[in-house]
Amino acid sequence: MFKIRVLIRIGALYFLLFFLISFWYSSKVEFHEPNLESKHRLAVIVPFRNRSSELEQFLPHMNAYLSSQAIDHIFMIINQVDTHRFNRAALINIGFIESRTVVDYIVMHDIDLLPMNPRELRYDYPKNGPVHLASPIYHPIYHYPTYVGGILMIACEDFERVNGMSPLYWGWGREDDNFFVRMKLAGMKLYRPYNLTTNSSNTFAHIHDKNVHKRDYAKYGQQKEEGRKIYPEMGFNTTKYTLINKNILNTKTGVEYNMLDVKLECDYNLTPWCDHPTTTNILK
């Protein structure tokens, strides 16, 4: 009987000790605040046409860059396959429309602008408002204060709030300036990186070859005058397109991306400059 009582007491002591250790350990690991950033998902929206060589550089670089920051992300390459002039804003709108059910923020990303400072230039969820990562003080080319092109990150709810981008801009330029005004009219505060250890020469790599991919700066008819107007009622809700193909592809290095082939629709009564005219009625 004595041995049994001793064994019972030893067993009870071990149980109590195990309970105390377990309680102490759980108090250390179970009450940390959850990582809220992990709940967010980013769509990298890239307007695209005939830039395969740049795409093979962009995707591996950006996948490694975002993975190093533990950013949950998908790539949406919006490929304009019609014969109209390039419409960056409409393609970004389409990227938003096609991804908003699976992400909660997007980044409008030029394919030829690669960030080079992963320690300081982050793609975290823009909880306080739009974040212009390609800030004029760090962009290798554009330095005017209202510039918001290149790389602009915004929550889906904020993009929807300003009705996305104006799809009236065919050819190169001015759609970003329009979007800057839209955000300002909506009372949004724009955030930009500052005090980086890098500068305009090494924060980004600009891989655009203007001799290979010439930009369409021409302004036809009333395009220049109309480009100064805002038309907030025109946005992603009025962007008309046909989705020709939607495929999940992989780069040569194994990076997965969504390739969307789209044909844009043009309202010739509204924007007759969506095609190159046969005349030379160009406003300089």
Side chains of Asn117 and Thr203: any donor to acceptor distance under 3.5 Å?
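No donor-acceptor contact under 3.5 Å links the two side chains.
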Donor-acceptor pair between Tyr194 and Glu120 side chains, under 3.5 angstrom:
no
List for me each residue that meets disulfide bond (SG atoms under 2.5 Å apart) alongside Cys266, sequence neighbours excluded, and say none if there are none.
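Once residues adjacent in sequence are excluded, the partners of Cys266 under the disulfide bond (SG atoms under 2.5 Å apart) criterion are Cys274.
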For the ring pair Phe75 and His73, is the centre-to-centre distance below 6.0 Å?
yes
Are the aromatic ring centres of Tyr65 and Tyr123 under 6.0 angstrom apart?
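Aromatic pair counts; centres sit under 6.0 Å.
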Option among Ile92, Leu243, Ile94 that satisfies the side chain to side chain contact (heavy atoms under 4.5 Å, CB included) test with Ile78:
Ile94
Side-chain heavy atoms of Phe58 within contact of Met62, under 4.5 Å:
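Yes, at least one pair of side-chain atoms sits under 4.5 Å.
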Check the hydrophobic clustering (I, L, V, M, F, W, Y; side-chain heavy atoms under 4.5 Å; chains of links allowed) and say if Ile45 and Val162 are grouped together.
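Yes, one cluster joins them.
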Would Arg85 pass as a cation-pi partner of Trp170, given that its NZ or CZ must be under 6.0 Å from the six-membered ring centre and within 45 degrees of the axis?
no
Is it the case that the side chain of Asn93 and the backbone of Gly164 share a donor-acceptor pair, with hydrogens and angles ignored and the cut-off at 3.5 Å?
no
Can you tell which of Asn87, Asn178, Asp176 makes a side chain to side chain donor-acceptor pair (under 3.5 Å) with Tyr169?
Asn178
Residue from Tyr142, Tyr147, Tyr191 passing ring pair (Phe, Tyr, Trp, His ring centres under 6.0 Å) with His132
Tyr147
Enclosure of Glu233 CD (heavy-atom neighbours >12, cutoff 6.0 Å):
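Atom CD in Glu233 is packed in, count exceeds 12.
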